Structure formats: C-alpha cells, structure tokens
Amino acid sequence: MFARTQLNYRAVPLPDRTELTDAQILAAAEAFHDTMRRRHTVRNYSNRPVPRPVIETCLRTAGTAPSGANHQPWHFVAVANPALKARIRQEAEEEERRFYAGGAGDEWIKALEPIGTNAVKEHLTDAPWLIVVFAQRWGQFDDGTRYKNYYVPESVNIATGFLLAALHHAGLCELTHTPNPMRFLNNALGRPASEKPTMIIAVGHPAANATVPEVAKIKKPLSEIATFAE
Ligand code: IYR
C-alpha cells in the first residue's frame, strides 16, 4: 500500500469542515444516540440476501478509522459462499464445543448463562455474509520490505466499531462472534500467518422469530460509565 517516497510530512488544510450551532450539534448527537441505542446483537437470521455493494460501502466506512501511524493494519474478508460458510461453522463449532464443555472454566460459562449462548452457531450459515476481521502485525512496502504496525488492537477495534455502526445504520443486523481460538480462519480464508483473526461479524436481516436476551438491553447509565472533571 505504501511507497516509501510518499511518506514525507506535508500538511493540507482541514477538509470537510462543519460549522454547526451548539443546538444543531446536540441534535445530531441525540439523533445518532437514538440510532445506536436501537442496535441489538442478533443471533437469528433470515435468508434475505444483502447486496454486495452495501457490504463494500460499510467496509469503506470501516477503512476510514484512525490507526497507529495511519498504517490501517486491518483486512476484512467478506464471505457469502455457502460452502465456505459451512466450513467456518463446522470449525467454529468444534472450538465452541470444547469451550462449552469446560475449556472456558466455570466462571465464564456462568457469566454467559443470561446471554443464552451455546456451541450451536446457526448464524454462521444462515447470515448472508460473514465478515472476518484480521489484524496485521506488519505490513509491506510496495518494494516488498516489511514495516511494523503500531497500536494494532486499538486500531483494528476502532475500525470494527465503525463497521458495526455502519452496518446498523444501513438497516442491517449483526453479531460479533469470537470463537476461541480462531486461527483456523487463516487456513479457511487463505490469510497469511502475519494476520491475526479477531472476530467474525455475521451480517444480515433478522429472522421473523429473532429474539434478544432481556439482560442485553440493560445498559449502564452514564453516571456509571463516565466521570466528568470540569
Ligand atoms: N465464543 C463463545 C463464547 C462467548 C463469549 C462471550 I464473553 C460472549 O459474550 C458470548 C459468547 C461463543 O461465541 O459462544
């Protein structure tokens, strides 16, 4: 992606400036909160397809995220191929069976009880798209030499957050799934060992009978998640 010659510092005037009043800013903040508070992690998908351009655009949004030294140390694999989804499901469920059979430890299993999860992962075959997020520990210059990436988890997680917001904003549902371990995804998707899979995001439309766990809607109040020092 980078040519060494392009890596000199040059400033350009801030593009895309907005000049809103405080009232407009508050209204915009409230509207976005109202959108995001209607995001629910969904485990049951219908067979309604999602056109590829939607996924492409949401991935472009993810790609606008800030990153350490602007290295953009992420790669997303969008899987719609049914055979590949079936393989991912089979391998993920193998890991999950070990996890739920004791690998996770009692405390973790207890913590998941109110969420209602188990080793069966229908979403991996039912959702029209699985987006697998990979974190790149290093990158390559155009000439093939390597460069190190910085703040890789932070950068990739910000991009993943942008992606989830973009998908939700577009009217889709999604599920963040983290089979543990998930190295099998490198083989299944042909990604190099320098990349670490961090998450599978199932994307689609909710099934008619989709449910969410009641506890998932209990969010901590602002007073608990934030402190102000003015
Ligand atoms: N990876 C497992 C377990 C799991 C863990 C947490 I923490 C969750 O919030 C949900 C599930 C699974 O996907 O079932």
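What you see is a predicted model, and the numbers here were worked out from it, not measured in a lab. In each ligand, atom 1 is the first atom listed, and ligand 1 is the first ligand listed.
- Atom CD of Glu107 has 12 or fewer neighbouring heavy atoms from other residues, nucleotides or ligands inside a 6.0 Å radius.
- In this structure, the side chain of His71 engages the main chain of Lys148 through a donor-acceptor pair within 3.5 Å.
- Atom 7 (I) of ligand 1 has Trp108 NE1, 3.4 Å as its closest protein atom, hydrogens excluded (heavy atom only).
- Listed by number with element, the atoms of ligand 1 under 4.0 Å from a non-hydrogen atom of His177 are 13 (O).
- For Lys110, the NZ atom sits in a loose shell: 12 or fewer heavy atoms of surrounding residues, nucleotides or ligands are nearer than 6.0 Å.
- Lys217 approaches Arg39 most closely through the heavy-atom pair NZ-O, 3.7 Å.
- Below 3.5 Å of separation, one finds no N or O of Asn180 facing any N or O of ligand 1.
- Note on ligand 1: Ile115 sits outside its first shell, no heavy atom being nearer than 4.0 Å.
- In this model, no donor atom of one side chain and acceptor atom of the other lie less than 3.5 Å apart for Gln24 and Asp22.
- For atom 2 (C) of ligand 1, the nearest protein heavy atom (residue, atom name, distance) is Glu96 OE1, 3.1 Å.
- Look at Thr178 and you'll find a heavy atom under 4.0 Å from some atom of ligand 1.
- Regarding atom 4 (C) of ligand 1, its nearest protein heavy-atom neighbour is Leu112 CD1, 3.6 Å.
- Counting the atoms of ligand 1 from 1 in the order shown, those under 4.0 Å from a heavy atom of Phe99 are 3 (C).
- Contact between Lys121 and ligand 1 is present, with at least one heavy atom of the residue lying under 4.0 Å from the ligand.
- When hydrophobic side chains of Ile, Leu, Val, Met, Phe, Trp and Tyr are connected at separations under 4.5 Å, Leu130 ends up clustered with Val77, Val79, Leu84, Ile88, Leu124, Val132, Phe134, Met182, Phe184, Leu185, Leu189, Ile200.
- The environment of OH in Tyr100 is crowded: more than 12 heavy-atom neighbours from other residues, nucleotides or ligands sit within 6.0 Å.
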